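Right, one structure below, let's go through it.
Only a predicted model underlies this, so the values are computations on that prediction, with no experimental measurement involved.
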Amino acid sequence: MSEKGEVDLTGAKQNTGVWLVKVPKYLSQQWAKATGRGEVGKLRICKKGNQGKPEVSFTLNEELTVIEGLEDKTVSAPRDHPFTMQAVGGQILAVFTENSSGESDGSSSGAGAGPDKLSLEGVVVQRAECRPAVSESYMRLKKLQIEESSKPARLSQQLSKPVTNNYKPVANHEYNREYERKKKEEGKRARAEKQQVLDMLFSAFEKHQYYNIKDLVDITKQPVTYLKEILRDIGIYNIKGTHKNTWELRPEYRHYQGEEKTDE
Amino acid sequence: MTSLGSSSSSTTEYTVRVPKNTSKKYNIMAFNAGDKVNCSAWTQARMERDMSARRIYGEEETPESGAGSEFGKKQREEARRKKFGIVTREFKAEDQPWILKVNGKAGKRFKGVKKGGVTENASYYIFTQCPDGAFEAFPVHGWYNFTPQAKHRTLTAEEAEEEWGRRNKVVNHFSIMLQRRLREQDRGDDEEDESGKSGKKKKKGGGRGGDLLIHDLEDDLEMSSDDSDSSVGEDGASKAKTKKAAGKSKTKKKQKGGEKDALEDSDDGDYEGLEVDYMSDESSPDEDQVNEKPTREEEHPKGIDEESESEEESEEEKKNEEEAKEEEEEEEGKKTPVQVEKKKKKDSSGESDSSDDSDIEGETASALFMKKRTPPKRAGGRGSAGSSRTGSRPGTPSIDSASTSNTLRAAASKLEQGKRQGAAADSPAAKRLKMEPSTQSPVPSGKSTPQPPSGKSTPSSSDVQLTEDAVRRYLIRKPMTTKDLLKKFQTKRTGLSSEQTVNVLAQILKRLNPERKNVNDKMHFYLTE
């Protein structure tokens with residue numbers, strides 16, 4: 001197993017030559033649908049004897065030409081695709097692969113748990129562009145694509161029923177009334193035993209160091225004044241600093257890791 | 001197999017396969033053709049993601065729970081960000097650049113930045129030929145443009161701007177990087193030597209990286225002298241001086257004499273004729289000079305022992321300074337330092353009786369001159385320092401190109417090796433060389449008549465005289481910074497120009513040798529008597 005970061009240079013040493021081919025989107029989609037061993041078509045290279053310029057063309061397999069568009073419109077993709085060869089030119093292109101290890105079946109493509117294996121596969125010797133041979137089917141395909149892409153991403157929809165029903169002024173809104181009812185049910189917060197409150201506070205402060213008074217009221221369900229009295233005993237109120245307006249336990253009551261203080 | 005019409009053509013058909021279940025992700029590594037990268041020549045390569053951007057995206061300093069955390073902090077932060085519309089982009093490890101190191105530590109380094117938009121409208125496939133003759137096509141996952149990373153030192157933005165300002169004046173481009181390297185070297189040595197002051201120095205060193213001088217004394221004296229100097233030349237030159245003088249900060253830290261550096265700064269050539277005979281035993285007309293001499297000679301033994309290294313450096317810088325200044329003054333030309341130096345020599349020889357001074361002067365100036373002309377030689381000439389130096393010194397007032405080239409090489413080698421060559425023979429020469437031009441510098445900047453550095457012969461109508469006694473009084477009373485001292489001797493009242501004030505004050509301080517104390521990050525001097 002290679003170390004992390006180590007690049008496997010076998011491909012480079014062998015000077016493996018590869019082709020870099022630009023392929024239209026619909027074709028790559030069709031290729032993704034290939035079954036079995038993944039055969040998608042045939043590549044024909046025709047060398048014109050002494051002249052040297054080879055003609056390359058790709059023929060898509062019959063079964064892959066069917067494209068299902070939206071709304072059950074099926075179009076057939078063209079089969080013939082001549083390749084336009086280009087020089088590699090002002091760049092030196094090498095191909096490297098990243099093997100996400102940790103996945104044996106390879107179907108999942110997330111980042112591997114272990115280190116990725118990097119290897120240099122080869123160098124690009126030829127660039128090509130795959131162009132579809134213009135045909136009736138291609139035109140139809142393009143038309144379909146244009147229609148799909150010309151649809152706006154945002155859509156205005158009319159709502160079937162309006163959001164609110166009351167248009168007239170109302171003495172007290174429904175949700176307000178509910179809120180008040182809920183509050184009445186709960187009633188005022190009752191003062192529990194001091195010890196109980198202290199227990200609640202200590203357990204809360206174990207989880208976090210700084211608390212807002214509102215949050216403490218929520219947690220302990222005590223009236224604010226009572227709570228503040230208790231807090232004044234055991235805690236301090238931060239006015240300045242990063243944790244503004246928060247309560248925290250006094251140093252002697254703290255028991256956080258890294259601090260050596262006694263717990264109460 | 002189908003064949004086309006013409007008989008000379010041949011057609012072959014290959015099956016194309018797109019493998020379905022590869023865990024390998026194919027990427028393109030693009031190099032610029034000009035870099036002439038040959039992948040097959042690589043013996044070993046390592047590549048890793050450059051995760052340095054994670055810190056920027058991290059912001060996870062506050063602990064989630066336990067000590068130091070706040071209840072509901074995360075929600076509140078999120079709500080706040082939403083309110084202000086701050087959209088933070090996640091840190092995606094996949095989009096980070098690659099760092100490729102070829103052939104180990106000594107080899108090349110490349111940085112590969114991901115190119116966006118590659119897979120948006122069209123897909124790239126890699127066609128490889130399999131042993132069975134079929135082609136296999138793999139989709140390209142990402143495209144990374146790799147560029148080589150420079151290993152040599154480059155100038156920072158501020159330095160680059162400075163150099164740009166001086167581009168028309170600087171002939172010697174090699175010296176730019178050399179000086180920078182020296183500065184860094186000295187900075188490094190400083191930190192080794194004085195651990196006590198290391199913190200402060202580091203800060204200053206760091207500041208110097210941007211050519212900001214943090215040291216007060218340095219600042220005060222240099223800036224004022226620089227201001228006066230700029231009247232002579234252009235901004236670039238004074239900036240150059242600042243920059244070079246920045247290098248001197250280390251010497252100040254090392255030695256007591258910040259004043260020395262101030263003296264070196266103001267080397268306009270004005271005080272030229274007022275050369276003080278501080279190294280010879282011959283009497284000089286002024287009593288002050290006599291008084292000074294013992295103090296200065298006391299310094300010599302100390303100086304030789306302690307400060308041999310710093311001398312060399314400051315000497316070098318001084319030379320640089322002079323060189324730059326001369327460039328600016330005489331609008332360059334290789335002859336000009338010679339002219340200036342000749343002028344200086346004439347004046348000084350008129351004044352002083354010792355041939356030593358003029359020798360040294362000749363040496364310095366010629367060293368300067370040669371340095372400007374033959375920078376590459378410096379690298380070559382090492383180790384020839386000591387003997388040639390002392391050899392050329394006695395009795396040769398004229399500029400002898402052979403001897404000067406020796407001295408130049410000596411000087412240059414000293415520059416480069418710095419501390420490592422602290423030969424005793426060199427140090428007195430160095431020390432004297434430094435002293436000599438340093439006194440020269442205040443000398444030329446003032447009157448043409450001999451004037452003792454104590455400044456007693458300053459114009460009559462002044463309420464406050466810039467005398468040693470005055471300075472002593474102030475320093476005894478309470479510790480003061482140089483800025484304060486300068487304020488005391490205002491130019492209007494003493495009649496001296498600000499430049500002269502600075503020079504004279506520097507000399508006085510050097511003579512007094514006050515103790516230093518750091519108050520509020522400012523260097524204060526004080527005397528206890």
- Message: Which one wins on heavy-atom pair count under 4.5 Å against chain B: A:Leu93, A:Ile92, A:Val88?
- Response: A:Ile92

- Query: Does any heavy atom of chain A fall under 4.5 Å from the side chain of B:Gln44, the backbone, both, or neither of them?
  - Reply: both

- Message: Quick check on A:Ala128 against chain B: is it the side chain, the backbone, both or neither that has a heavy atom closer than 4.5 Å?
- Response: neither

- Query: In terms of heavy-atom pairs under 4.5 Å, which option from B:Tyr26, B:Phe127, B:Tyr144 contacts chain A the most?
  - Reply: B:Phe127

- Message: Can you tell me which portion of A:Leu9 sits under 4.5 Å from chain B's heavy atoms? Options are side chain, backbone, both or neither.
- Response: side chain

- So which of B:Val37, B:Thr128, B:Ile28, B:Leu100 has the largest heavy-atom pair count under 4.5 angstrom toward chain A? B:Ile28

- Task: Return the orientation label for the B:Phe135 and B:Tyr14 ring planes: parallel under 30°, perpendicular over 60°, tilted otherwise.
- Result: perpendicular

- Item | Heavy-atom contact with chain A under 4.5 Å, split by part of B:Asn121 | backbone

- Query: Listed by chain and number, what are the ring-ring contact (aromatic ring centres under 6.0 Å, His included) partners of A:Trp31, not counting sequence neighbours?
  - Reply: A:Phe58, B:Tyr125

- Item | Name of the residue among A:Asp8, A:Thr10, A:Thr97 meeting side chain to side chain donor-acceptor pair (under 3.5 Å) with A:Ser119 | A:Thr97

- Task: Could you tell me whether a side-chain N or O of A:Gln30 sits under 3.5 Å from a main-chain N or O of A:Ser28, the two making a donor and an acceptor?
- Result: no

- Cut-off 4.5 Å, heavy atoms of chain A, and the answer for B:Ala134 is neither

- Message: So which residue, B:Pro19, B:Ala33, B:Gly34, ends up with the most heavy-atom pairs under 4.5 Å with chain A?
- Response: B:Ala33

- With under 30° as parallel and over 60° as perpendicular, where do the rings of B:Trp42 and B:Phe110 fit, or are they tilted in between? tilted

- Given the options A:His81, A:Lys22, A:Gln86, A:Glu129 meets side chain to side chain donor-acceptor pair (under 3.5 Å) only with A:Gln86

- Message: I'd like to know if the side chain of A:Asp80 and the backbone of A:Thr59 have a donor-acceptor N/O pair within less than 3.5 Å.
- Response: no

- Tell me, out of B:Ala122, B:Cys39, B:Ala45, who's got the most heavy-atom pairs with chain A below 4.5 Å. B:Ala45

- Note on the structure: With sequence neighbours left out, the residues meeting ring-ring contact (aromatic ring centres under 6.0 Å, His included) with A:Tyr138 are none

- Query: Quick one: what part of B:Asn38 sits under 4.5 Å from any heavy atom of chain A, side chain, backbone, both or neither?
  - Reply: neither

- Query: Side chain, backbone, both or neither: which part of A:Leu27 has an atom under 4.5 Å from a heavy atom of chain B?
  - Reply: neither

